[in-house]
Structures are given as C-alpha cells and as structure tokens.
Amino acid sequence: MNLRLFPILGASLLAACNMQDAMPTAQEGEALYVANCAVCHGYRGEGGELIGGQSAPDLTRIALRNDGVFPRAEVLSRIDGYEHREMTDQVMPEFGAMMLDPETVPVDIDGVPTPTPRPLAALMFYLEAIQAEE
C-alpha cells in the first residue's frame, strides 16, 4: 500500500467523524423543547388545553396523523413560524428568529440533504423520536 495515502485517509476519516458529531441529537432537541414548547404542549408532548379555550395539539401523534410518516418539511415549517405568519388566529408563536442559528446541518427532507439551522433540526429530531406507535 502506498504510504502517502495514510495522511489523506486519516484526514478523510477525521472529517467524516466531525460531520457526524456535528449533527444534533434528540437529546439536544429535548432541551429546546422543554425551554420553549412544554409550557403549551406538555412535558411529554401530549398537548392540552390553553388559556382562552384553545388547545395545543398532541405532538406525539404527528406521524400517526400522517399515515405513519413523520412529515419533516411540514414540522420544520410549523416550528419556525413561516407557515402561519399570515394567519391571525394561530396561537403558535413564531420561533424563526430563535432558530436562525448560523450553524446549519444537512437534514434529509424527502431524500434531499437540506441545510437547516441546528436548533431547528435538533427540535425536529426530538419530535420525531417521541412519536407514538399507535
């Protein structure tokens, strides 16, 4: 084997490890959820009644409401607030400014790696991890 390839191979492996380490985890997302979402959706994400007679949806059943598929693009849009910016009857606050972290990670959205702000991706991974089976 050509010994000149070892530094290149080592650098490639190190870069791959760093890329993998850069992806947020569901645990990172859980901390964001507790700080920003649990007050309305409950600590376990099961939703509940809000002041004023409205209710927060059950976040553990997102996939079940979508034929067993977790709709990543829709969830990301809903969290960042872009989807309901024009709707005046929505209670869900807009978290877009908080989620606009300059660090992005490649999140697979329908087979396409999509640059996504790290906090937004972390929160999505957490929500995906708490989905009910039935």
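Computed from heavy atoms alone, side chains included, the values below leave out hydrogens, waters and symmetry copies.
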[atom2] on [Y] to [atom1] on [X], rounded to 0.5 Å:
| X | Y | atom1 | atom2 | answer |
| --- | --- | --- | --- | --- |
| Thr114 | Leu76 | OG1 | CG | 8.5 Å |
| Leu123 | Ile79 | CG | CD1 | 4.0 Å |
| Tyr43 | Cys37 | OH | SG | 12.5 Å |
| Glu74 | Ile62 | CD | CD1 | 10.0 Å |

Q: Could you state whether Tyr126 and Val39 fall into the same hydrophobic cluster, counting links through intermediate Ile, Leu, Val, Met, Phe, Trp or Tyr residues with side-chain heavy atoms under 4.5 angstrom apart?
A: no
Side chain [X], main chain [Y], donor-acceptor under 3.5 Å:
| X | Y | result |
| --- | --- | --- |
| Glu28 | Ala121 | no |
| Asn66 | Gly68 | no |
| Thr60 | Asp58 | no |
| His41 | Pro57 | yes |

Q: List for me each residue that meets side chain to side chain contact (heavy atoms under 4.5 Å, CB included) alongside Thr104, sequence neighbours excluded, and say none if there are none.
A: Pro115
Q) Is it the case that more than 12 heavy atoms not belonging to Arg65 sit under 6.0 Å from its CZ atom? A)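 Count over threshold, so yes.
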Hey, does [Y] have a side-chain heavy atom less than 4.5 Å from the side chain of [X]?
| X | Y | result |
| --- | --- | --- |
| Cys40 | Leu50 | yes |
| Pro117 | Asp80 | no |
| Phe70 | Met124 | yes |
| Tyr33 | Leu127 | yes |
| Arg78 | Val75 | no |
| Met23 | Phe125 | yes |

**Q.** side-chain hydrogen bond (donor to acceptor under 3.5 Å, both in side chains) against Glu128, all qualifying residues, sequence neighbours excluded
**A.**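 Partners of Glu128 under the side-chain hydrogen bond (donor to acceptor under 3.5 Å, both in side chains) test: Arg72.
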(Q) Just to verify, what does Glu103 make a side-chain hydrogen bond (donor to acceptor under 3.5 Å, both in side chains) with, not counting sequence neighbours? (A) Arg118
Q) Looking only at heavy atoms, what is the nearest atom pair of Asp110 and Asp108, with distance? A)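 For Asp110 versus Asp108, the nearest heavy atoms are N-OD1, 3.6 Å.
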